[in-house]
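Taking it in order: structure first as structure tokens, then the write-up.
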Amino acid sequence: MSHTSSLGINAFMAELIAKNPAEPEFHQAVHEVVESLDSFLDENPKYKHARILERIVEPERIIMFRVPWVNDKGEMCVNRGYRIEMNSAIGPYKGGLRFHPTVNLGILKFLAFEQVFKNSLTTLPMGGGKGGSDFDPKGKSDNEVMRFCQSFMTELYRHIGPNTDVPAGDIGVGGREIGFLYGQYKRIKNEFTGVLTGKGLNYGGSVIRPEATGYGTVYFAQEMLSTRQDSFKGKTVLVSGSGNVAQFAVEKVTELGGKVVTLSDSSGYIYDPEGIDSDKLKFVMYLKNTKRARIKEYADKYGVKYVENERPWGEKGEIALPCATQNELNEVEAIKLVQNGCYCVSEGANMPSTPEAVQHFLDKRILFGPGKAANAGGVAVSGLEMTQNSMRISWTREEVDQRLQVIMKSIHDTCTQYGTKDDGFINYVDGANIGGFVKVADSMLSQGAV
Ligand code: NDP
Ligand code: 2IT
């Protein structure tokens, strides 16, 4: 990076931070992208003249609202709801809803920003958005979750629509929540449309959507491995998280002949040296999706190690799939992972590696697939769900899985096209950021002052 351009980045970031204070995750996500784009923008001045960067970091619209609801004790509760409509240059706003007590404006802006590039990479016509609430579903009854979802949608419905903005799930929002949200939208609008994705199969959902993010993350890793004539077969794999993404990553790794030895939640991690086979995975799914309990119960049931308040990155494995949350893998852990022989990291979560961890992976020239490329399979199959809803037909598992694999391969190709360095090393971070940017930026150029 030249001296002048690093001054340019610093000035740009200083203004962004001043204008968007107290949003460290948003600053982090933008900084990574502007670093990747730096020399590309110098070589392509049309984007600079049109102030694309200045526009792309500014959400088209932010909606914030009160969500009042009544708990099982009859007490009045109130949470804050959000929808960030980030960019609609290439399609309707598209992206998940997160329900978690840590949710705030900055976190949702980082997620919406990343979503714009991710959705562009999928090849499908989807803009970027994200939303959610600081509501904590943990320990709430089904009825409380339903009343919350109904109240949330009672405000959100007026801002979304199948051709406007199509939300889906994320942390704390799965099939149960999408069902409640969809039911309320339908009641208010008297319309049966594909306004949400991740719906149940009986009412417009797509096969493979629950599996798509985890499967896609593994398919992306498989593509990266194949550049070195390598595969999952016989590999030891570390997975973090134990929710939707982690569960189906474990399923696909096992199917491809790898052995997953860790899972985690916000309380700690389990280490099972024998591997989490399909029977044990069934138990994890029951534990997390039905009983909604802690991963520690896995260790109790199978008599394996449980480490409280720690993350799994100190264990040994050739491949790591972070599938929990942002900034869950720091520099110290990245160093430890590589020292222990890890040479492939594919991010199922959004921005799970800190900037210092990413830099370490790049310095060590390992295979590193950033979230906006590696976890795009989820939103890609959401896009396929929208297509099926528009056509009023349902594709088979084989058809959707095949399309998902083609899309993940195409994302890998795009990263290779824009991220291959002079020495042949593929920097997937640069590749995903530049590759995701071009289609959105060119569309903004075509559309004028938007
Ligand atoms: P789930 O709610 O199903 O699972 C989340 C998992 O991550 C749980 O195990 C949870 O543990 C853990 N977790 C959440 N927050 C924290 C935290 N602060 N510290 C430690 N662990 C935490 O969510 P998903 O599996 O859907 O999402 C996981 C990641 O994947 C997120 O980053 C999400 O943005 C990303 N993603 C999801 C997609 C999807 O289609 N669902 C698509 C693309 C990306 P606990 O139970 O203790 O909270
Ligand atoms: O981060 C993500 O890509 C998601 N949570 C999925 C979004 C979607 O619209 O399916």
Side-chain angles (χ1 to χ4, degrees), residues 25 91-103 107-108 110-119 121-122 124 126-132 136-139 165-178 194 196-199 205-206 208-217 220 239-250 263-270 284-285 287-289 291-296 298 309-312 321-329 347-353 371-386:
E25 294 85 1
Y93 309 108
K94 181 85 196 86
L97 297 170
R98 176 177 292 190
F99 292 170
H100 195 273
T102 58
V103 161
I107 287 181
L108 295 181
F110 118 65
L111 289 162
F113 182 72
E114 295 242 313
Q115 200 81 45
V116 173
F117 297 80
K118 184 196 303 191
N119 292 5
L121 285 168
T122 65
L124 303 175
M126 299 182 289
K130 199 85 187 189
D136 186 359
K138 274 203 197 82
D165 184 352
V166 183
D170 192 76
I171 292 178
V173 178
R176 174 182 64 169
E177 291 73 20
I178 293 292
L196 297 172
T197 60
K199 299 183 292 298
S206 174
I208 306 281
R209 177 61 189 88
E211 294 88 339
T213 313
Y215 279 16
T217 302
F220 194 82
V239 175
S240 68
S242 48
N244 171 265
V245 180
Q247 291 168 16
F248 289 103
V250 173
L263 278 173
S264 70
D265 61 21
S266 52
S267 311
Y269 81 89
I270 60 106
V284 172
M285 288 177 170
L287 190 64
K288 285 288 161 184
N289 311 344
K291 195 172 176 198
R292 298 179 191 275
R294 304 281 78 206
I295 197 68
K296 178 177 184 299
Y298 180 104
N309 290 328
E310 291 276 337
R311 307 187 282 220
L321 308 175
C323 297
T325 193
Q326 66 275 356
N327 293 325
E328 55 155 323
L329 198 173
E347 294 187 329
N350 286 305
M351 209 168 74
S353 309
K372 59 171 81 71
N375 73 38
V379 74
V381 175
S382 278
L384 301 179
E385 182 171 329
M386 290 167 72

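Just follow the structure's listing: the first ligand is 1, and inside any ligand the first atom is 1.
Side chains of D265 and K288 form a contact here, defined as non-hydrogen atoms less than 4.5 Å apart. For the pair M285/F248, a side-chain contact is recorded, criterion being any heavy-atom separation below 4.5 Å from C-beta on. Contact of the N350 side chain with the K130 side chain is registered, since non-hydrogen atoms from C-beta on lie closer than 4.5 Å.
Side chain to side chain, S353 and E347 meet the donor-acceptor criterion of an N or O pair below 3.5 Å. Side-chain contact, T197 with K94: a donor N or O sits under 3.5 Å from an acceptor N or O.
Within 4.0 Å of ligand 1, protein heavy atoms come from R98, H100, K118, K138, D170, I171, G172, R209, T213, G241, S242, G243, N244, V245, S264, D265, S266, K288, R294, C323, A324, T325, G348, A349, N350, N375. Contact residues for ligand 2 (protein heavy atom closer than 4.0 angstrom to any ligand atom): K94, G95, G96, Q115, K118, K130, A168, G169, D170, R209, N350, G378, V379, S382.
In this structure, E385 does not pair ionically with R209, as no charged nitrogen and carboxylate oxygen lie closer than 4.0 Å.
Checked against side-chain hydrogen bond (donor to acceptor under 3.5 Å, both in side chains), K296 has the following partners two or more places apart in sequence or in another chain: D300. Looking at residues two or more places apart in sequence or on another chain, you find no side-chain hydrogen bond (donor to acceptor under 3.5 Å, both in side chains) involving S242.
The nearest pair of heavy atoms linking A376 to K372 is CB-O, 3.7 Å.
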